[in-house]
A.B. asks: 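Handing you this structure, nothing more for now.
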Number of protein chains: 2
Amino acid sequence: MDMVSIVSVAKAAGVSNKTVSRVINGEPYVTEETRERVEKAIRDLGYIPNMAARLIRSSRSNTFGIITDYVSTTPYSVDIVRGIQDWANANGKTILIANTGGSSEREVEIWKMFQSHRIDGVLYVTMYRRIVDPVTGDVSIPTVMINCRPQTRELLPSIEPDDYQGARDLTRYLLERGHRRIGYIRLNPILLGAELRLDAFRRTTSEFGLTENDLSISLGMDGPVGAENNYVFAAATEMLKQDDRPTAIMSGNDEMAIQIYIAAMALGLRIPEDVSIVGFDDFRTVTMALKPELTTAALPYYDLGREGAKWLNDLIAGEKIYPVSRVVSCKLVERSSVAFNPH
Amino acid sequence: MDMVSIVSVAKAAGVSNKTVSRVINGEPYVTEETRERVEKAIRDLGYIPNMAARLIRSSRSNTFGIITDYVSTTPYSVDIVRGIQDWANANGKTILIANTGGSSEREVEIWKMFQSHRIDGVLYVTMYRRIVDPVTGDVSIPTVMINCRPQTRELLPSIEPDDYQGARDLTRYLLERGHRRIGYIRLNPILLGAELRLDAFRRTTSEFGLTENDLSISLGMDGPVGAENNYVFAAATEMLKQDDRPTAIMSGNDEMAIQIYIAAMALGLRIPEDVSIVGFDDFRTVTMALKPELTTAALPYYDLGREGAKWLNDLIAGEKIYPVSRVVSCKLVERSSVAFNPH
DNA sequence: CACACCCATGACAACGTCGACATATTTTTC
DNA sequence: GAAAAATATGTCGACGTTGTCATGGGTGTG
């Protein structure tokens, strides 16, 4: 049951344990011949290095901690974690994940737990884009914030999706296809992305010469996240019942687009011939399940994760991080829910 | 930068390091007075025990490893992870997660990594219910399989959802509400759940005296998971265009139900007045977004995770595990997508 | 051939913690 | 009031690894 250690390998290979250590870590000054003998012994005995012992000696755990509110227990931004893990795999880092579930006592505990494992750095990740101040329990460990940003600016490096650019591209996409009456069903205003997306929508339509009269904007949801009030179906229905109904509707996100589809169809409207619809997020369970498939702007979750991890690594290596807040662009994913509007 | 150790605490409190160790671990034989003095020193210095050192000494890592194909990087069965984490939190265990992404070389690496961290046990979790043989790289660590089962039966304890019972309950639910012509859109036959659900549907309808003529069964998807061919919309459309169309449709899962909704509405049918629809899984992003909200059978992911963790713990503690394969039932979640059928 | 130098290896201590054992102090028992 | 038992604290070494320094042999230099 007990594990073979470096000592047993050394004995088996007839060398000192330090030499075994050298082989394991690929250090120079080992003859090819001894190296082979040691490697054989390692294979024969099935030796696996003990990370704990290594850490205790060298005080470098090669471990990153991910602390999130709900990410890894919720279907939404999981791709952030995938991005981090892929980077970590490729670079020999171990990942420790913990979820606060929104509790700040829990958050303090987690920082303690992370410290007790002597992690090298923390990736602070939120489920949806927002402003938070990590409850570090007053520790200073290199930290990168992903999908969120600290209240007190300039404090911690952060990396976020570019909601504004995504919504702008989407709006342009509709405008370029001739739509001049456009509806917008707003995300829960609690969400940081909500304002940015709406803002981009307003400005871009106005740049194209549309006025408030050409726009039809309603609130889709509000209330606390996870227990929100849902007005989407009603809002979409009302919007589409107007005589001068919009020829295209932009949805705050993909999920809400489901209800817009249903509302449209219940009124006998065809998508995209009678109404074009675009979403936001590229939540694929939805975008691919809807028929016609939904054109949307993809939140760059995977990249956020990968870049965040890379960035954290630089930070740990002691590199100065200048641009304290970075933004990653959203890519427009063209599918088939938008038609040209012949006027 | 360097961490305070038990020695500095001992010095500060004017006791031996062993006494500090006793206080930390809540061992008896420490005066209330010394305990307080030590605790104060711990607080003042911000001392946090070093897990690595503890592990190296006591060779009990108190860590469970989760090895999954895609779970933590995919929106589907994340609740399994949540269940595990909640149990782990409550019981002072640390969790290490790694995803194979389907690669078996990677799987071998992960087992090695787990061993190098001297984890106490492994939870082997799959995204959808299936039969797999873990590629352990021929190690024997206590393992519990969640949402899957080994090919070579009786080898490892496993815990799975009861797809059969879930589908049976759902079918009964429809029958009890007077539906006598029922459609079924089949899951990808690759999935283990597909056969069980269909089987339950067939047997239960037959127990109620329906014949194959009353049933209308089509394939919704096939092909490799993640890149499947999708026939759902077409199948549903065709099914609902028949003169003696079914009054209720059972969907292989919730996601597919989106397309059934859209197909029904495109034909001008109202849900649930003209067609009732039920799903499977309770994938809430879908079930709650559809209007009317979808009645479905909830896959007990959270419980699977929690029970699996608890079970693994017993296993590690040396308890004999008798029932090698366990099953957890699916709960019917009644919402509003089913109406009574007046005949 | 004496010197410096590079290469290959080993001896040993140290990392932070806890278990085994030893010692000192107090309380109980008869 | 002495022996026995229970409580309180300390000393020391070990866990598995790697960093530091030492050693020994080989090679080249003048």
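Below, chain A is the first sequence line, B the second, and so on; all start at residue 1.
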A.B. asks: Among the nucleotides D:dG19, C:dT17, D:dG16, which one has an atom lying closest to any side-chain atom of B:Asn50?
C.D. replies: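 Among the listed nucleotides, the one closest to the side chain of B:Asn50 is C:dT17.
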A.B. asks: Could you go through residues 43-52 of chain B and list every donor-acceptor pair under 3.5 Å that involves a side-chain atom there, pairing it with any protein atom two or more places apart or in another chain?
C.D. replies:
| residue | atom | partner | partner atom | Å |
| --- | --- | --- | --- | --- |
| B:Asp44 | OD2 | B:Lys40 | NZ | 2.7 |
| B:Asn50 | OD1 | B:Ala52 | N | 2.8 |
| B:Asn50 | OD1 | B:Ala53 | N | 3.2 |

A.B. asks: Tell me the interatomic distance from B:Glu27, atom CD, to C:dA20, atom C1', rounded to whole angstroms.
C.D. replies: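 Result: 12 Å.
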A.B. asks: Report yes if a side-chain nitrogen or oxygen of A:Asn25 is closer than 4.0 Å to either non-bridging phosphate oxygen (OP1 or OP2) of D:dT18; otherwise report no.
C.D. replies: yes
A.B. asks: So does A:Glu109 pair up with A:Lys112, basic N to acidic O under 4.0 Å?
C.D. replies: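 Looking at A:Lys112 together with A:Glu109, the answer is no, because their closest N to O distance does not fall below 4.0 Å.
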A.B. asks: Whether the side chain of B:Ser5 engages the backbone of B:Val7 through a donor-acceptor N/O pair (distance < 3.5 Å, no angle test) should be reported.
C.D. replies: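 Yes, B:Ser5 side chain to B:Val7 backbone: donor-acceptor pair under 3.5 Å.
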A.B. asks: Output the rounded distance in Å from CZ (A:Arg57) to C1' (C:dC12).
C.D. replies: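 Going from A:Arg57 (CZ) to C:dC12 (C1'), I get 11 Å.
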A.B. asks: Say whether, by atom type as modelled, one donor and one acceptor occur between the side chain of B:Arg306 and the main chain of B:Trp87 under 3.5 angstrom.
C.D. replies: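 No, B:Arg306 side chain to B:Trp87 backbone: no donor-acceptor pair under 3.5 Å.
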A.B. asks: Which whole-number value in Å describes the distance from B:Asn17 CG to C:dG19 P?
C.D. replies: 13 Å
A.B. asks: Any N/O pairs under 3.5 Å between the protein and nucleotides 25-27 of chain D? List them or say none.
C.D. replies:
none

A.B. asks: Give a yes/no on whether any side-chain N or O of B:Arg54 is located under 4.0 angstrom from OP1 or OP2 of C:dC18.
C.D. replies: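 Checking C:dC18 against B:Arg54, a side-chain N or O does come within under 4.0 Å of OP1 or OP2.
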A.B. asks: In whole Å, what is the span from the CG atom of B:Asn62 to the P atom of C:dT17?
C.D. replies: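 That distance rounds to 16 Å.
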A.B. asks: Between B:Ser58 and C:dC18, is there a contact of a side-chain N or O with OP1 or OP2 at under 4.0 Å?
C.D. replies: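 Answer is no, no contact under 4.0 Å.
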A.B. asks: Can you check the B:Arg118 CZ to C:dT17 P distance for me, whole Å?
C.D. replies: 20 Å
A.B. asks: Any side-chain to backbone donor/acceptor pair from B:Ser158 onto B:Ser325? Under 3.5 Å, distance only.
C.D. replies: no
A.B. asks: Do the side chain of A:Asp133 and the main chain of A:Gln151 share a donor and acceptor less than 3.5 angstrom apart?
C.D. replies: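 Answer holds: yes.
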A.B. asks: Does B:Glu27 offer a backbone N or O that forms a donor-acceptor pair with the side chain of B:Arg22 under 3.5 Å?
C.D. replies: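 No, because the side chain of B:Arg22 does not come within donor-acceptor range (under 3.5 Å) of the backbone of B:Glu27.
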A.B. asks: Give me the bend of the helix from C:dC1-D:dG30 to C:dC30-D:dG1, using the axes of the five pairs at each end, rounded to 10°.
C.D. replies: 40°
A.B. asks: Rounded off to whole Å, could you give me the CD1-to-C1' distance for the B:Ile56 and C:dC18 pair?
C.D. replies: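 Answer to the nearest Å: 12 Å.
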A.B. asks: Any donor and acceptor pair, going by atom type alone, linking the side chain of A:Asp79 with main-chain N or O of A:Tyr301 inside 3.5 Å?
C.D. replies: no
A.B. asks: Using atom CE of A:Met51 as one end and atom P of D:dT17 as the other, report the distance to the nearest whole Å.
C.D. replies: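 Spelled out: CE on A:Met51 to P on D:dT17 is 10 Å.
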A.B. asks: Any side-chain to backbone donor/acceptor pair from B:Thr68 onto B:Asn99? Under 3.5 Å, distance only.
C.D. replies: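 No, B:Thr68 side chain to B:Asn99 backbone: no donor-acceptor pair under 3.5 Å.
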A.B. asks: Which pairs with one or both residues in residues 123-132 of chain A pass side chain to side chain donor-acceptor pair (under 3.5 Å), sequence neighbours excluded?
C.D. replies: A:Asp69-A:Arg130, A:Glu107-A:Tyr124, A:Arg129-A:Glu160, A:Arg129-A:Asp163
A.B. asks: Between P on D:dG19 and CD1 on A:Ile24, what's the gap in Å once rounded to a whole number?
C.D. replies: 12 Å
A.B. asks: Report yes or no: does A:Arg57 contribute a side-chain atom to a donor-acceptor pair with the main-chain N or O of A:Arg54 at less than 3.5 Å?
C.D. replies: no
A.B. asks: Identify which nucleotide among C:dA11, C:dG16, C:dC18 has an atom closest to any side-chain atom of A:Lys18, counting heavy atoms from C-beta outward.
C.D. replies: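 Nearest nucleotide to the side chain: C:dA11.
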A.B. asks: I'd like a list of close polar pairs between nucleotides 5-9 of chain C and the protein, N/O only, cut-off under 3.5 Å.
C.D. replies:
| residue | atom | partner | partner atom | Å |
| --- | --- | --- | --- | --- |
| C:dC7 | OP2 | A:Tyr29 | OH | 3.4 |
| C:dA8 | O3' | A:Thr31 | OG1 | 2.8 |
| C:dT9 | OP1 | A:Thr31 | OG1 | 2.9 |
| C:dT9 | OP1 | A:Thr34 | OG1 | 3.1 |
| C:dT9 | OP2 | A:Thr31 | N | 2.9 |
| C:dT9 | OP2 | A:Thr31 | OG1 | 3.0 |
| C:dT9 | OP2 | A:Thr34 | OG1 | 3.0 |

A.B. asks: Donor-acceptor pairs under 3.5 angstrom involving side-chain atoms of residues 89-96 of chain B: please list them, not counting sequence neighbours.
C.D. replies:
| residue | atom | partner | partner atom | Å |
| --- | --- | --- | --- | --- |
| B:Asn89 | OD1 | A:Arg106 | NE | 3.1 |
| B:Asn89 | OD1 | A:Arg106 | NH2 | 3.1 |
| B:Lys93 | NZ | B:Asn62 | OD1 | 2.8 |
| B:Thr94 | OG1 | A:His117 | NE2 | 3.4 |

